[in-house]
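Side chains included, hydrogens not; waters and symmetry mates left out as well; all remaining heavy atoms used. Throughout, protein chains are lettered first and strands after them, A, B, ... in sequence-line order, and every chain is numbered starting at 1.
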Protein chains: 2
Amino acid sequence: MNDTTTGFSMQTLGRQARQAARILRSASGAAKAAALRAMADGLRARRAWLQAENEHDLRAAAERGLDAPMMDRLRLSDRALDLMIEGLLQIAAMPDPVGSLSETTTRPNGMRVARMRVPLGVIGIIYESRPNVTIDAAALCLKSGNATILRGGSEAFHSNRALGAIIQAGLEAAGLPPHAVQVVDTTDRAAVGEMITHPEWIDVIIPRGGKGLIARLADESRVPLIKHLEGNCHVYVDKAADPDRALDIAVNAKTYRTGICGAMETLLVHADVAAAWLPRAGARFAELGVELRACPRAAALLPGSVPATEADWATEFHAPILAVRVVDSLDEAMDHIARYSSEHTESIVTEDLSAAQRFQREVDSSSVYVNLPTCFADGYEYGLGAEIGISTNRLHARGPVGLEGLTIQKWVLTGEGQLRG
Amino acid sequence: MNDTTTGFSMQTLGRQARQAARILRSASGAAKAAALRAMADGLRARRAWLQAENEHDLRAAAERGLDAPMMDRLRLSDRALDLMIEGLLQIAAMPDPVGSLSETTTRPNGMRVARMRVPLGVIGIIYESRPNVTIDAAALCLKSGNATILRGGSEAFHSNRALGAIIQAGLEAAGLPPHAVQVVDTTDRAAVGEMITHPEWIDVIIPRGGKGLIARLADESRVPLIKHLEGNCHVYVDKAADPDRALDIAVNAKTYRTGICGAMETLLVHADVAAAWLPRAGARFAELGVELRACPRAAALLPGSVPATEADWATEFHAPILAVRVVDSLDEAMDHIARYSSEHTESIVTEDLSAAQRFQREVDSSSVYVNLPTCFADGYEYGLGAEIGISTNRLHARGPVGLEGLTIQKWVLTGEGQLRG
């Protein structure tokens, strides 16, 4: 793509990213941390300018009638900027994942075989309105030694361009190539099409946004994606569950935040405990304003519930709605999950060790819990320090992706002239 | 695809593979090892039948005028069958990678976070003539808990069908689902097109074959590939190289076998040692019948060489041909590699620790060696025990891929009712 009105060329960005990636690959941890701290300084020093640039986006959004939650996500408030600064400093302080050696073995012929952690190369981030992704994603990719091409939503065009300028100033202050992080400086939609079809420029695409965007990119991309499709998460209350614990877990899993991907969407309850436990749970959910969509057996125990349809079992509601089903066994619960789950996060509530172990081993989701609410699905909660997203892929990385998921191991062998054959 | 003449349906295979994968995921290591040993027994017991089936393929190949090396690869000789039996028993004896837990940490709230190694799911293998791939690939995929759909070359149709029957008998003898390994029982080329476009049946495709096949699959596949594109490997003789060691390494790297992907294709020599070292190397390569294609400075030291063209630097010769270039520094050597390498395997010959470390850190190939010939690029040599192939991907697995590369880690969290927020 060559935008003659702006001089923008994706090919130029791609080549610059490749050159920067080569330098970044062997940049010192100190230089990368210095760049991140310089970016934090830049956000502090140029706050008024950033908010004035952000105001252009907010005005345009208001004219187009964006709703209040969208406007909130778009706004570079003092609090939003403080969080970005804090995030940059946290990532700066984390250990550098690049260059670490592991699994060194010595072969019978004396040569030493090890694996070295290295960056993936050039990462493309395609995201929707929230400008904080610009800083968060750039910081994680830089820390892990990758060059980044960022393509945010057109609603945040001025904000992202301003943040990109601060990022590049930070890179230059630390002696790193400014093209290590490039913000796509056009609102032309063709830019996304170019990013996903040029593996010679970009090694992996990480999309952040709605399911529609991601499904379309997955369908059309010739560059591998680390992607998050959806979170249709289940909690199974086993016959050996502690009833009070099960209640707290179910309520937290559904209501901590109904809009997150780790929110429980279907509750499965063993028939042996349903009669005693479900009415209590139903009363709590009713108090909390959660609509219950129940199978016939559950409905008999849940006054006020509506009948669940086949579609409900497969739906990520992202809302105070919960599907509820009574099952006759652990196997039936796992069959239901195998059929309807999006392989994101599932949890069993039980005091029975053997049921817990079977559930953790046999349920094929990226995160499988025992006695915890599914809403813990988050890189910070897992101790990753930071998270670029949650992967529902089955290759490279499953579940929350931190710095390690932005790297890979290569083989390094050292010998003294051993020969083969 | 529904082949009405044979009753073959790829959709049926896909569904059966999914069902089998779910059972295989939690199959015991003992059952999987028993199945592999039963397959070895089957190969022993039904040798005469296998060789008779193979004879159909050999006759058809002879009629179509296949060359001698192709006929050799197709033949289920006693030795070929013995190697398959040995491979099965070796893989049976390896530790089961599935279910192992690592990196257990306890979070501040007391919940325990660990990662469990799990199979990828359903693996599709698309390969050309060699029927031994049928056994090797099925064995590695089974050991790692994956279901497999195997699509071999039409030249080996009868051989692969017979091997598939022995594999399925072995699975049944061990109480495992026979659909855990399915051989595509049609020569219709549409089967490949279906395998690469149905992510709901197959999680990853591993193609084994020529560059043409793999590039085409990479272009058209909607299922992720673990693929090997090409091996344009380099050896760099540093100014601090031990000259005798450098000579042995260069000769071994080129001539151990010229047809393997780890064979050296370009030799880079530091200018400081070129005058003394290159004529000796040239004489050895001349004795061994290796054609040298040299840059102008190298040509002056290599009587009998021909001038290298730009295309030679980018070529995987797969033949007794070697490109030779004199460089002025380690940086120039690494620049050359960054420009022309296929990111497979590169080696530096040096006694200088700092040069060795820079080379291993900065060269962006899947294997980077010090003082070793590139022809060591092989899973057995690395101690993986077995190898499904060598990956030139930048995601999931780089370099030789053994059992670990056929698995991935999921997150398993265990708590006592901790809640979020």
Student: Roughly how far, to the nearest 0.5 Å, is the CD1 atom of B/Ile408 from the NE2 atom of A/His396?
Tutor: 8.0 Å
Student: Taking all non-hydrogen atoms of both residues, which atom of A/Gln418 and which atom of B/Phe376 are closest, and how far apart?
Tutor: O-CE1, 3.4 Å
Student: Mind checking the CD-OG1 spacing from B/Gln357 to A/Thr414? Nearest 0.5 Å is all I need.
Tutor: 9.0 Å
Student: With only heavy atoms counted, which part of B/Arg222 is less than 4.5 Å from chain A, the side chain, the backbone, both or neither?
Tutor: side chain
Student: Based on non-hydrogen pairs under 4.5 Å, which of A/Ala218, A/Gly399, A/Gly383, A/Ala338 is most in contact with chain B?
Tutor: A/Gly383
Student: Salt bridge check, A/Glu362 against B/Arg25: does any charged N sit closer than 4.0 Å to a carboxylate O?
Tutor: no
Student: Just how far is it from atom CG of B/Leu413 to atom OG of A/Ser347, taken to the nearest 0.5 Å?
Tutor: 9.0 Å
Student: Chain A heavy atoms under 4.5 Å from B/Val349: which part of the residue, side chain, backbone, both or neither?
Tutor: neither
Student: Taking the side chain as every heavy atom from C-beta outward, state whether B/Arg398 and A/Val118 have any atom pair closer than 4.5 Å.
Tutor: yes
Student: Pick from A/Ile348, A/Asp219, A/Asp242: which one has the most heavy-atom pairs with chain B under 4.5 Å?
Tutor: A/Asp219
Student: Is A/Gln360 reaching over with its side chain to a backbone N or O of B/Met116, donor-acceptor style, under 3.5 angstrom?
Tutor: no
Student: Tell me, out of A/Asp364, A/Thr105, A/Ile249, A/Asp248, who's got the most heavy-atom pairs with chain B below 4.5 Å.
Tutor: A/Asp364
Student: Which residue out of A/Thr345, A/Asp378, A/Val251 racks up the most heavy-atom pairs below 4.5 Å with chain B?
Tutor: A/Asp378
Student: Backbone N or O of A/Arg420 within a donor-acceptor pair of the B/Asn252 side chain at under 3.5 Å?
Tutor: yes
Student: About how many Å separate CG of B/Asn109 and CD of A/Glu381, when rounded to the nearest 0.5 Å?
Tutor: 7.0 Å
Student: On a heavy-atom basis, which atom in A/Val113 and which in B/Tyr382 lie closest, and how many Å separate them?
Tutor: CG1-O, 4.1 Å
Student: Rounded to the nearest 0.5 Å, how far does CD of A/Glu416 lie from CD of B/Glu351?
Tutor: 9.0 Å
Student: Can you tell which part of B/Tyr369 gets under 4.5 Å to a heavy atom of chain A, answering side chain, backbone, both or neither?
Tutor: both
Student: Please determine which of A/Leu225, A/Leu395, A/Asn393, A/Leu120 meets the side-chain contact (heavy atoms from CB on, under 4.5 Å) test together with B/Leu395.
Tutor: A/Leu120
Student: Under 3.5 Å, side chain of B/Trp411 to main-chain N/O of A/Ser365, donor-acceptor pair present?
Tutor: no
Student: Should the pair A/Lys410-B/Glu343 be classified as a salt bridge under the 4.0 Å nitrogen-to-oxygen rule?
Tutor: no
Student: Distance from B/Arg112 atom CZ to A/Leu372 atom CG, nearest 0.5 Å?
Tutor: 9.0 Å
